[in-house]
Undergrad: 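Quick one: this structure, given as structure tokens, is what I'll be asking you about.
Throughout, a chain's letter reflects where its sequence line sits, starting with A, and its residues are numbered from 1.
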Protein chains: 2
Amino acid sequence: MAKKQLTELLRQEGLSITSPRLNVLAVLDESEGPLSVENIVERSTIQIPLSTVYRVVADLLDARIVSTFSSPDKKLLVELTRSTSGHHHHLYCQSCEKVFDIDLDTKIERLIENVIKDVSDSHGMRVYDHSFEIYGTCDRGGHHLKSGQD
Amino acid sequence: MAKKQLTELLRQEGLSITSPRLNVLAVLDESEGPLSVENIVERSTIQIPLSTVYRVVADLLDARIVSTFSSPDKKLLVELTRSTSGHHHHLYCQSCEKVFDIDLDTKIERLIENVIKDVSDSHGMRVYDHSFEIYGTCDRGGHHLKSGQD
DNA sequence: TCAATAAATGATAATGATTCTTAATATTTA
DNA sequence: TAAATATTAAGAATCATTATCATTTATTGA
């Protein structure tokens, strides 16, 4: 995606255009999958302090430009909201520490929605989200090759 | 569950019988749902340092006497493995910060297994676990009433 | 375009959950 | 019961994340 488009993303949400924000967006845009804050810093062409990345991510999250969730080892993972067709799930590889987006087909997803409705009704709760995550190992090339996505 | 039974649980797994271990087990046994480490300390009749609870929980986890997972705010949650019929899922309440165990019916769970098989095959991964979590609010009595379970 | 104003950043300190270290204590085993 | 072994308590250390605040940068309106 061109820098101009990234700029437009920010402008549309009323966020001012700054170099840390553009760079974080560019890094996320170039990645195939979700990235940790550390990943983002590593991949950025300019140097950005971790604290700034956390703040930028929080702002982008408020604006719903990115989505966040946690890895099995409880680190913050970030991805462009737009890069996925809305709701989806994640597949974690224990050995190479990558995360993959997965989409369930509509039938399955609808079934899950029904299950959620049953469960939440029986508990008298209003549900705002759900997650479905799969943990495995790819067994390619040993353990802990490298963190990062693509 | 009687103290004698808790003792037996430890003995069966070859763990020595200590007062922190028995107390952590007793607290978990009396709770309706999963507890955080802090919850456990609060509810224990004897005083146990946090670090000891973490270590005890790690030992009990190795012995598969307890199971652990993470809350949305990334805290460690613990429950007796025995208290649930094996695999199950969780429902989190944002307002009162409780966690409930939920069981999906066999048909649904089997369906999920199939989905997982498809996904893992297509990514060439060996799957060792999955999670399915629901997030909601019970809207009873305002927000952040109290952490804890029963 | 340029100064005034508001917002964002960088550097670093603070925090909170969890883990580690080590001397002291409790449990097990012979 | 005593020696050998495992566990604990206390607090320091660590890691990810958040907060603080002085400085810099972006925006806006003349």
Undergrad: Does dT8(D) have OP1 or OP2 under 4.0 Å away from a side-chain N or O of Thr18(B)?
TA: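 Yes.
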
Undergrad: Using heavy-atom distances to pick each residue's nearest nucleotide on DNA chain C, tell me which of Leu50(B) and Ile17(B) is more 5'.
TA: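 Result of the comparison: Leu50(B).
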
Undergrad: If you compare every side-chain N and O of Arg55(B) against the phosphate oxygens of dT8(D) (OP1, OP2), does one of them come in below 4.0 Å?
TA: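 Yes, because at least one side-chain N or O of Arg55(B) sits under 4.0 Å from OP1 or OP2 of dT8(D).
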
Undergrad: Without decimals, in angstroms, what is the distance between Leu76(B) CG and dT19(C) P?
TA: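 Atom-to-atom, Leu76(B) to dT19(C), this comes out as 7 Å.
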
Undergrad: With salt bridge (Lys or Arg N to Asp or Glu O under 4.0 Å) as the test, would you mind laying out the steps for Asp121(B) and Lys117(B) before giving the verdict?
TA: CA-CA 6 Å; Asp121(B) 283 355; Lys117(B) 183 159 180 8; 2.8 Å; yes

Undergrad: Determine yes or no for a side-chain-to-main-chain donor-acceptor pair under 3.5 angstrom, with Thr137(B) supplying the side chain and Cys93(B) the backbone.
TA: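 No; judged by distance alone, with no hydrogens or angles, the pair does not exist.
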
Undergrad: Assign each of Thr52(B) and Leu15(A) to its nearest nucleotide of DNA chain C by heavy atoms, then name whichever residue's nucleotide is nearer the 5' end.
TA: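 That would be Leu15(A).
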
Undergrad: With DNA chain D as reference, determine whether Ser51(B) or Gly14(B) sits nearer its 5' end, using the nearest nucleotide of each.
TA: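 Per heavy-atom nearest nucleotide, the more 5' residue is Gly14(B).
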
Undergrad: Which nucleotide, dA19(D), dT9(C), dT27(D), lies nearest any side-chain atom of Pro20(A)?
TA: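 Output: dT9(C).
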
Undergrad: Within this structure, what is the CD1-to-P distance between Ile48(A) and dA11(C), rounded to whole angstrom?
TA: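 Interatomic distance, CD1 of Ile48(A) to P of dA11(C): 12 Å.
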
Undergrad: Take the protein atom CZ of Phe69(A) and the nucleotide atom P of dT17(D), then report the distance between them rounded to whole Å.
TA: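 Roughly 13 Å, once rounded to whole Å.
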
Undergrad: Return the value, rounded to whole Å, for the distance between atom CD of Gln47(B) and atom C1' of dG11(D).
TA: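 Distance check: Gln47(B) CD to dG11(D) C1' gives 14 Å.
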
Undergrad: With a 4.0 Å cut-off on N to O distance, would you call Lys107(B) and Asp105(B) a salt bridge?
TA: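 Salt bridge absent between Lys107(B) and Asp105(B).
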
Undergrad: Determine whether a donor-acceptor pair (one donor, one acceptor, N or O, separation below 3.5 Å) exists between the side chain of Arg21(A) and the base of dA26(D).
TA: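 Side chain to base: no pair below 3.5 Å.
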
Undergrad: Without decimals, in angstroms, what is the distance between Leu61(A) CG and dT18(D) P?
TA: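 Those two atoms, CG and P, are 11 Å apart.
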
Undergrad: Starting at atom CG of Leu22(B), determine the distance to atom P of dT7(D), rounded to an integer number of angstrom.
TA: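 Going from Leu22(B) (CG) to dT7(D) (P), I get 13 Å.
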
Undergrad: Between C1' on dA7(C) and CG on Leu10(A), what's the gap in Å once rounded to a whole number?
TA: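 Distance check: Leu10(A) CG to dA7(C) C1' gives 14 Å.
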
Undergrad: Students often mix this up, so state it plainly: with edges at 30° and 60°, are the rings of His89(B) and His130(B) parallel, tilted or perpendicular?
TA: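 Geometry flag for His130(B) against His89(B): tilted rings.
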
Undergrad: Measure CD/Glu13(B) against C1'/dT28(C) and give the value in whole Å, please.
TA: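 From Glu13(B) CD to dT28(C) C1': 18 Å.
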
Undergrad: Taking only the side-chain nitrogens and oxygens of Lys74(B), find out if one of them lies under 4.0 Å from OP1 or OP2 of dT17(D).
TA: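 Result: yes.
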
Undergrad: Could you label the plane-to-plane angle of the His88(A) and His90(A) rings as parallel, tilted or perpendicular, counting under 30° as parallel and over 60° as perpendicular?
TA: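 Perpendicular: the ring planes of His88(A) and His90(A) meet at over 60°.
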
